[in-house]
Amino acid sequence: MCSGSCFQHCISLLKGCKSLKNLTQIQAYASKTGLHNHRFILGQLLLLSSVSIADAIEHACRLFSHIPSPDAFMYNTLIRGLSESQAPRHSLLLYAQMRRRFLLPDSFSFAFILKAAANSRSLHTGTQLHCQALALGLDTHLFVRTTLVSMYAECGEIHHAHKAFDETPQPNIVTWNAIVTACFRCDDVEGAESLFDRMPWRNLTSWNLMLAGYMKAGKLEQARTTFKAMPPQKDPVSWSTMIVGFAHSGCSDEAFGFFRESHKMGTRPNGVSLTGVLSACAQTGAFEFGKILHCYIQKAGYDHIVSVSNALLDTYAKCGNIDMAGLVFHWMMEKKSIVSWTSMIAALAMHGHGEEAIQLFHEMEGSAVRPDGITFISVLYACSHAGLIEQGSEHFSKMIEIYGIEPTVEHYGCMVDLYGRAGLLDRAYELVMGMSVEPNTVIWRTLLGACSIHGNVLLAEQVKERLSELDPNNSGDHVLLSNIYAVAGEWSNVAAVRRSMTKQKIKKTPGWSTIEVEKVVYSFIAGDGPNGVTEEALEKLREIMLKLKLEGYVPEIGSVLHDIEEEEKEDAVSRHSEKLAVAFGLARLCEGSMIRIVKNLRVCKDCHTVMKLISKVYGREIVVRDRSRFHLFRQGSCSCRDYW
DNA sequence: GCGATCCTTT
C-alpha cells in the first residue's frame with residue numbers, strides 16, 4: 001500500500017542520505033511502505049552505496065544480488081563503484097555478466113569499465129575493451145576517449161595514450177588535462193610541459209595536475225614556482241598537493257609552512273592535507289603538534305576517514321607514543337584497513353615489542369583483511385629487532401608457501417638483518433648468495449652493519465668491496481668500515497680508509513637530532529658552530545657529564561673515526577647531536593616530562609650508555625628514535641635491551 | 001535517474 005506521498009518522502013530521504021546507517025534506515029522505510037522493489041528507488045540506493053558513501057561497496061553488492069533483473073543503469077552503477085574499490089577486477093566480472101544477459105553497454109559502461117582496467121593496470125583488458133567500444137561505435141564518445149587516454153597511460157603505454165588523444169576530433173579541457181597527466185604518469189615531464197603550454201584553455205585542475213606532476217617527479221622548486229604563477233583562487237586540492245608533496249620528499253618544514261599558509265588563507269583542511277601534515281609530524285617527531293591535530297580531527301569528524309586515522313596512528317608511533325597509536329588503532333573498529341594493521345605491527349616492532357607484533361599479525365590473519373608483502377616486511381622487521389630468529393624464519397617461509405608472496409629485496413633485507421644482528425653471519429651471507437633477486441646496496445650495507453656489531457673484519461672487507469662497486473661514494477659505508485678497523489685496533493687501515501675518503505672527496509653525513517619544546521622543533525647538528533641554543537645545550541651537557549662521571553661513567557670511543565688523542569676523541573663523542581638534544585631537553589623541559597628525540601643516524605654506543613645513565617641519575621624517561629627503531633630509556637635501562 | 005582529468009596513510 002504505497003502512496004505517492006510515501007514515494008516523495010523516500011526521495012527526499014535519499015537526497016539527504018550521508019551514511020551507511022542512514023541508508024539502512026531508508027531501506028527499512030522503503031520495505032515498510034512497499035517501495036523496496038521500486039526500480040527507481042533501488043537504483044538510487046545502489047548509487048548511494050556504490051559511489052557516494054565511503055566503504056559501503058559490500059552493502060551495494062548485497063543489494064544488487066537481490067535485484068531480480070538489474071537494468072543497464074544498475075550494472076553501470078555497481079561497475080563504477082567496484083572499479084574504484086580495492087578489487088577493481090570484480091567490476092570486470094560484473095561487466096561480463098551484463099553482456100551475457102544481453103544488456104547493451106553504453107558510453108557510461110565504457111567510461112567506468114575502462115577505469116577498472118586502468119586501476120588494475122591491465123593493458124590486455126583495456127585493449128580488449130577498446131576493441132569492444134570500437135565495435136559498438138562508442139570509442140569516439142568524448143568521455144570514453146578521455147578514459148582511454150588515462151587508461152593507456154596508467155598501463156604504461158604512453159604511445160597509445162598519445163594516439164587516443166591525437167585521434168580525438170574535438171578534445172575539451174578534460175581531454176587535455178588527461179593527456180598532460182598521462183605524460184607525468186609515464187615520467188615525461190618535458191612532454192607534459194609542452195602540452196600544458198599548448199593547451200587552448202586551462203582550469204584549476206590543469207594547474208593542480210601540474211603541481212602534482214612536478215611533485216611526483218621530485219621537482220619541488222618547479223612546483224613552488226607554478227603554485228606562485230597560478231591564479232590566486234586555489235582550492236583544497238592545490239594546497240594538499242603542496243603539503244603532501246613536500247612531506248613526501250622529506251621537507252617537513254615546507255609542509256608545515258604550506259599547511260599554516262592554507263589555514264591563514266581560510267582554506268579548511270581536508271583529509272588529504274591532514275595526512276600530509278601528519279606525515280610531516282611523524283618524520284620530525286612533532287608530538288605536541290600531532291596531538292593538536294588529533295583534537296581537531298576528532299572535533300571535525302575527520303577520524304572517519306581511514307587514511308587520516310592511519311596517518312595519525314603512524315604519527316603517534318613515530319613520535320614514540322605506542323599507547324596512543326594503539327588507541328587510534330582500536331578506535332578504528334571494523335574500519336581497519338590493511339594499512340592500519342601493517343602500521344600497527346610496524347609500530348610495535350619499532351618499539352621492540354616483537355612478540356606483541358607477531359600476536360597482532362596472527363589476529364590479523366583471523367580478520368577479514370589479508371596480509372600483503374608490505375605487512376610481511378613489518379613482521380620480519382619485528383622479528384629481527386626482537387631477536388626472534390626462528391619466528392622470523394618461519395614467517396618468511398609462510399609468506400612464500402602459504403600466502404604465495406614472492407620475496408622482494410626488502411624481505412631479504414629483514415632476513416639478513418635478522419641473522420646478521422644475531423651473529424649468524426654465515427647464515428646471513430648464505431642467504432644473500434642464494435637470493436632470487438639481485439642484492440642491492442641496502443642488503444650489503446645491512447651485512448656490513450652486522451659485521452660491525454660482531455667485529456668480523458674479514459667479511460666486512462669482502463662486503464665493502466661489493467659496496468664500492470655499487471655505490472663508491474657512500475660516506476656511511478666508509479665510516480662503518482673504518483669503525484670496524486678501529487674497534488679491532490687496526491689503525492693503519494683506519495688511516496687508509498680516511499685517506500681514500502679525502503681523496504675521493506667523501507664527506508661524512510652530518511648527524512642531526514631534533515627535539516620539540518613547546519611545539520617548536522629544535523635541531524642540533526654534531527660539530528655545529530656556536531649559536532644560541534647550541535651554547536645553551538653545551539653548557540648543560542658539561543654539567544651532566546661531570547655528574548655522570550661521578551657516577552662512574554667512562555666514555556666509549558670505539559665509534560670515533562680516526563686515531564686521535566684520547567681526550568680529543570672523548571670530545572668528539574661528547575658533542576654528538578643526540579647528547580646536545582638531551583641536554584637541551586633537560587635544561588628546557590619541565591621536571592617529570594618525557595624527553596623525545598629524533599635522530600637521523602643510528603645512535604652510537606656511547607650515547608646509548610649516556611642516555612641510560614641520565615634516565616637513572618636524573619630520573620627522567622627519554623625516548624630516542626634513531627634511523628631504525630625506538631629506544632625508551634627508563635631507570636638505567638633501554639627497551640631495546642641493548643640489542644640494536 | 002549515472003559519467004571522463006588533479007591531492008590519500010603502511
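Just so it is clear: chains get the letters A, B, ... in the order the sequence lines come, proteins before strands, and each one is counted from 1.
Ring pair F143(A)/F108(A): centre-to-centre distance not below 6.0 Å. A ring-centre distance under 6.0 Å is not found for F112(A) and Y95(A).
In the set dG1(B), dT5(B), dG3(B), the nucleotide with an atom closest to the side chain of A111(A) is dG3(B). When distances are taken from the side chain of V272(A) to each of dT5(B), dC7(B), dG1(B), the shortest belongs to dC7(B). Closest contact between the side chain of T146(A) and the listed nucleotides dC7(B), dC6(B), dA4(B) involves dA4(B). In this structure, of dA4(B), dG1(B), dC6(B), it is dG1(B) that holds the atom nearest to the side chain of F40(A). Among dA4(B), dG3(B), dC6(B), the nucleotide with an atom closest to any side-chain atom of S107(A) is dG3(B). Closest to the R185(A) side chain, of the nucleotides dC2(B), dC7(B), dA4(B), is dC7(B).
Residue-to-nucleotide contacts include no donor-acceptor pair under 3.5 Å from the side chain of T147(A) to the base of dA4(B). If you check distances only, the side chain of N172(A) does reach the base of dA4(B) with a donor-acceptor pair under 3.5 Å. A donor and an acceptor atom never sit less than 3.5 Å apart when one is taken from the side chain of S343(A) and the other from the base of dT10(B).
Look at K115(A) and you'll find a side-chain N or O under 4.0 angstrom from OP1 or OP2 of dT5(B). Applying the 4.0 Å criterion to OP1 and OP2 of dG3(B), one finds that R80(A) has a side-chain N or O inside that range.
The minimum heavy-atom distance between G271(A) and V308(A), with the atom names listed, is O-CG2, 3.5 Å. The two atoms that bring F196(A) and V180(A) nearest to each other are N-CG2, 4.2 Å, heavy atoms only.
If you take CE of M210(A) and P of dC7(B), they are 13 Å apart, rounded to a whole angstrom. The NE2 atom of H162(A) sits 15 Å away from the C1' atom of dT5(B) (whole-angstrom rounding). Rounded to an integer number of Å, the gap from CZ of R145(A) to P of dG3(B) is 22 Å. Rounded to whole angstrom, the span from the CZ atom of F361(A) across to the C1' atom of dT10(B) amounts to 14 Å. In this structure, M350(A) places its CE atom 10 Å from C1' of dT10(B), rounding to the nearest Å. Rounded to whole angstrom, the span from the CG atom of D55(A) across to the P atom of dT9(B) amounts to 16 Å. Rounded to a whole Å, the CZ atom of F110(A) is 15 Å from the C1' atom of dA4(B). Put simply, NZ on K335(A) is 19 Å from P on dT10(B), counting in whole angstrom units.
Residue contacts for D372(A): at a heavy-atom cut-off of 4.0 Å it reaches no nucleic acid atom on any strand shown. Within the nucleic acid shown, T205(A) comes within 4.0 Å of at least one base atom, counting heavy atoms only. Nucleic acid contact for G43(A): base, since at least one base atom lies under 4.0 Å from a heavy atom of the residue. Across all strands shown, A212(A) has heavy atoms under 4.0 Å from sugar-phosphate atoms exclusively, and none from any base. In this structure, I374(A) reaches the bases: a heavy-atom distance under 4.0 Å links it to at least one base atom across the strands shown. Among the atoms of the strands shown, none is found under 4.0 Å from any heavy atom of R202(A).
Residue side chain F143(A) meets the stacking definition with respect to dG3(B): its ring centre sits within less than 5.5 angstrom of the base's six-membered ring centre, and the planes differ by less than 30 degrees.
Salt bridge status for R80(A) with E84(A): absent, with no side-chain N to carboxylate O gap under 4.0 Å. Salt bridge E254(A)/R224(A): present, at least one basic N to carboxylate O contact under 4.0 Å.
Non-hydrogen atoms lying under 4.0 Å from DNA chain B are contributed by V237(A), S240(A), T241(A), V244(A), all within residues 231-246 of chain A.
Screening residues 319-336 of chain A for side chain to side chain donor-acceptor pair (under 3.5 Å) gives no qualifying pairs among residues at least two apart or on separate chains.
Relative ring orientation between H38(A) and F7(A) is described as tilted, the plane-to-plane angle lying within the 30° to 60° band.
No side-chain donor-acceptor contact under 3.5 Å links S50(A) to the backbone of L47(A).
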